[in-house]
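Since the structure comes first, as structure tokens, the remarks are kept for the end.
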Number of protein chains: 2
Amino acid sequence: MVTIAEVARQAGVSSSTVSYVLSRKRSISEDTRRKVEAAIQDLGYHPHAGARALASNRSDIIALMVPLRSDMFVPVIMEIAMAVTTQAREFGKDVLLLTKDEGTGGVRRVSGSGLADAVILMDVELDDDRVPVLQGTGSPAVLIGLPADTAGLTCVDLDFDATGGACVDHLADLGHRDVALIGESEAVYRRHTGFAARTLAGFQRRAAERGLRAVHRPCEGTYESTAGVLARILEERPTTTGFVVQNEAAIAPLLSLLRLSGRVVPEDTSIVAICPDQVALQSSPRLTSVSIPAEEMGRNAVRQAMAQLQGDRRSSVMLLPPRLTVRESSGAAPTA
Amino acid sequence: MVTIAEVARQAGVSSSTVSYVLSRKRSISEDTRRKVEAAIQDLGYHPHAGARALASNRSDIIALMVPLRSDMFVPVIMEIAMAVTTQAREFGKDVLLLTKDEGTGGVRRVSGSGLADAVILMDVELDDDRVPVLQGTGSPAVLIGLPADTAGLTCVDLDFDATGGACVDHLADLGHRDVALIGESEAVYRRHTGFAARTLAGFQRRAAERGLRAVHRPCEGTYESTAGVLARILEERPTTTGFVVQNEAAIAPLLSLLRLSGRVVPEDTSIVAICPDQVALQSSPRLTSVSIPAEEMGRNAVRQAMAQLQGDRRSSVMLLPPRLTVRESSGAAPTA
DNA sequence: GGATGATATCGAAGCGCTTCGACTGAAGCT
DNA sequence: AGCTTCAGTCGAAGCGCTTCGATATCATCC
């Protein structure tokens, strides 16, 4: 292994000078800098990460705790993870992947051992036991998702309440009077995850404000369950013409079922999905949707973490505003 | 931060003794062990990862290089990544997440800096420039996927050639005489990824051996492209009754299209998918499928990496045998 | 009963880096 | 000319751990 001492010898300087060339913490003459950089190239030098962490008390690693299985849509999780990793690299940091099932022990371990300089938590529950532990460690922390009590925390999430409202607004603007929310599975509402409940609250509040009749049905997302949910909704309220779909898995079955029943989208029935743009674009017809800004959430989480690492201790809750894109699945309500 | 010295003082022993308690590399009396463990508990001691890496020359970190965007199905990538992480933790290792777009530089960086003890590469291309670099570093390496030349490498993958064959066998056994492979998008075949080509080769060879007529069509996986592909196949060879689907995204559109066209699965048409079990199970009807053993691949990759870390320098190519599960999407060919 | 071999523990060196204080020489003042 | 100032560099300490002898104790065996 090539050490800083060898680079120093090759460049004819002391090892501290090499260190300063690398860290830019002291001024270095142009001449010396060139010699050192040449030596680094020549020898293929890479500073030893452990030695650096020991001496500087920074590992340049951000821990990311990802759900193994969760209510979140897997591609969204993946996109967030990739965005975090990419953004972290732009700050010269690496990402350590932890699974949520490591729980509080995992949090203690990585911050206690100095393995990570900061921790980003995904799939945060309303009353998440990792949060107090994380605050106890005093290390920079960012949550993707909202717990019940956000006091003193830094969080990033889509504003799901506003999202529910935006979907209703869009359908109301198009003249729909009866709308339905095809939600996540019952288990998601029972479990202590906030996003489904927040979407529902926004959906219902806005529907009331706009004077629409609103129905909400949880849905597992399988073909059969979607068929059941759709049948129930149309039976109870046959005049329903606008659907908001939160469960990504229910989208394909829903489209298929509507086609089979002879309903044409968007002429007879309008659909607004809450899903990644990619999903909306590969459906047929392409879906009007509020996108899940996975990349933005991941990148912002890292930025917040970096701000904390640089001494910014303000907590903040960053709710990204919903962005609704009109595509081919929504249109004016049919005139009765 | 709590150091080993503080633990030692609290336990009334030397710090080397604490170290040996932790590493079990020398025998320690029961009495001393208890005192040390109590002190560790009391103080909430976590060894400093950097210091440990520096002194022992092992970081206890495995780097995992994941594709940002690729031909692979995202949930499969995710499942592999999670399996790698879980299995790594069972060996006391952590996982560092790298993106494929860091390329050879990323490989050099993590192994050159001693950040990772081993590297696992996903989404390996036939002629992958990361591979020679990785071999050059001399650090333990495992590939998930097969490059063209596997000499001296350790690889783990599903045996896609046998998979193509197994799908044909299943359909042939059921009496189908005309089969079609709905493959990945053209781009996948053009790009230098092996799994699609290997599946196709196995499919065609076995079809020839069994005397079936076989058609292969690439497919983008969108509703429109699937519709086009299906129409083309049925036009060219209307007697086609067996479909093998490799592109996960094409599954839902295909089922929907067949339903619309009045064909009943499996009475009129049989489908065998190559996809994760989860996808096969949530379709309607549930699909006969060869599963993508994502978890097994991830776990085995880690095991191979650990074997190499423990000095096993044999290279090996581990091709997991396809496992075909019969469900409701395949049945006897209709009698003409 | 002294040599032998385990077993249990300690002290110290050293891993490769960062960082602090000190030093040097040149430039900028008065 | 003598002073300060500052850019540029060096040497050494020290980060917290592992690991290699060395040592001490004790049971075992002729």
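As the structure is a prediction and not an experimental result, all values here were calculated from the model. Per chain, numbering begins at 1; letters A, B, ... match sequence-line order.
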Pairs under 3.5 Å (N/O, protein and nucleotides 7-11 of chain C):
| residue | atom | partner | partner atom | Å |
| --- | --- | --- | --- | --- |
| dA8(C) | OP2 | S27(B) | OG | 2.9 |
| dT9(C) | OP1 | S29(B) | OG | 2.9 |
| dT9(C) | OP1 | T32(B) | OG1 | 2.2 |
| dT9(C) | OP2 | S29(B) | N | 2.9 |
| dT9(C) | OP2 | S29(B) | OG | 3.2 |
| dT9(C) | OP2 | T32(B) | OG1 | 3.2 |
| dT9(C) | O4 | R26(B) | NH1 | 2.7 |
| dC10(C) | OP1 | S14(B) | N | 3.4 |
| dC10(C) | OP2 | S14(B) | N | 2.9 |
| dC10(C) | OP2 | S14(B) | OG | 3.1 |
| dC10(C) | OP2 | T17(B) | OG1 | 2.3 |
| dC10(C) | N4 | R26(B) | NH1 | 3.3 |
| dG11(C) | N7 | S16(B) | OG | 3.4 |
| dG11(C) | O6 | S16(B) | OG | 3.3 |

Positions of [range] (non-hydrogen atom under 4.0 Å from DNA chain D), listed by number:
range                       : value
residues 1-11 of chain A    : none
residues 45-58 of chain A   : L54(A), A55(A)
residues 105-115 of chain B : none

Please find the earliest and latest nucleotides of DNA chain D, in the 5' to 3' direction, that have an atom within less than 4.0 Å of any heavy atom of chain A.
dA7(D) to dG16(D)
Just checking [X]: does its [atom1] atom have more than 12 heavy atoms from other residues, nucleotides or ligands closer to it than 6.0 angstrom?
X       : atom1 : result
D42(A)  : CG    : yes
E6(B)   : CD    : yes
D127(A) : CG    : no
E30(B)  : CD    : yes
R313(A) : CZ    : yes
N57(A)  : CG    : no
R314(A) : CZ    : no
Q278(B) : CD    : no

If we ignore angles and hydrogens, is there a donor and acceptor under 3.5 Å between the side chains of S14(A) and T17(A)?
yes
Would you check if there is a donor-acceptor pair between the side chains of D31(B) and S29(B) at a distance under 3.5 Å?
no
With side chains defined as the heavy atoms from C-beta onward, is the minimum distance between P293(B) and R323(B) less than 4.5 Å?
no
Locate the shortest heavy-atom distance separating L54(A) from G50(B); write the atom from each residue and the value.
CB-C, 4.4 Å
Tell me if a side-chain donor or acceptor on Q87(B) pairs with a main-chain N or O of R303(B) at a distance below 3.5 Å.
no
Please check if the side chain of S113(B) supplies one atom and the backbone of L115(B) the other of a donor-acceptor pair under 3.5 Å.
yes
Let me test you: for the helix from dG1(C)-dC30(D) to dT30(C)-dA1(D), what is the angle between the axes at its two ends (five pairs each), rounded to 10 degrees?
40°
Give me the one residue out of L97(A), L98(A), I80(A), I144(A) that meets side chain to side chain contact (heavy atoms under 4.5 Å, CB included) with V66(A).
L97(A)
Salt bridge (Lys or Arg N to Asp or Glu O under 4.0 Å), that's the test. Do K100(B) and D128(B) meet it? Break it down for me.
CA-CA 11 Å; K100(B) 190 182 170 191; D128(B) 201 309; 5.1 Å; no
Applying salt bridge (Lys or Arg N to Asp or Glu O under 4.0 Å) to D117(B) and R58(B), what does each step give before you reach the verdict?
CA-CA 6 Å; D117(B) 297 334; R58(B) 286 180 303 100; 5.1 Å; no
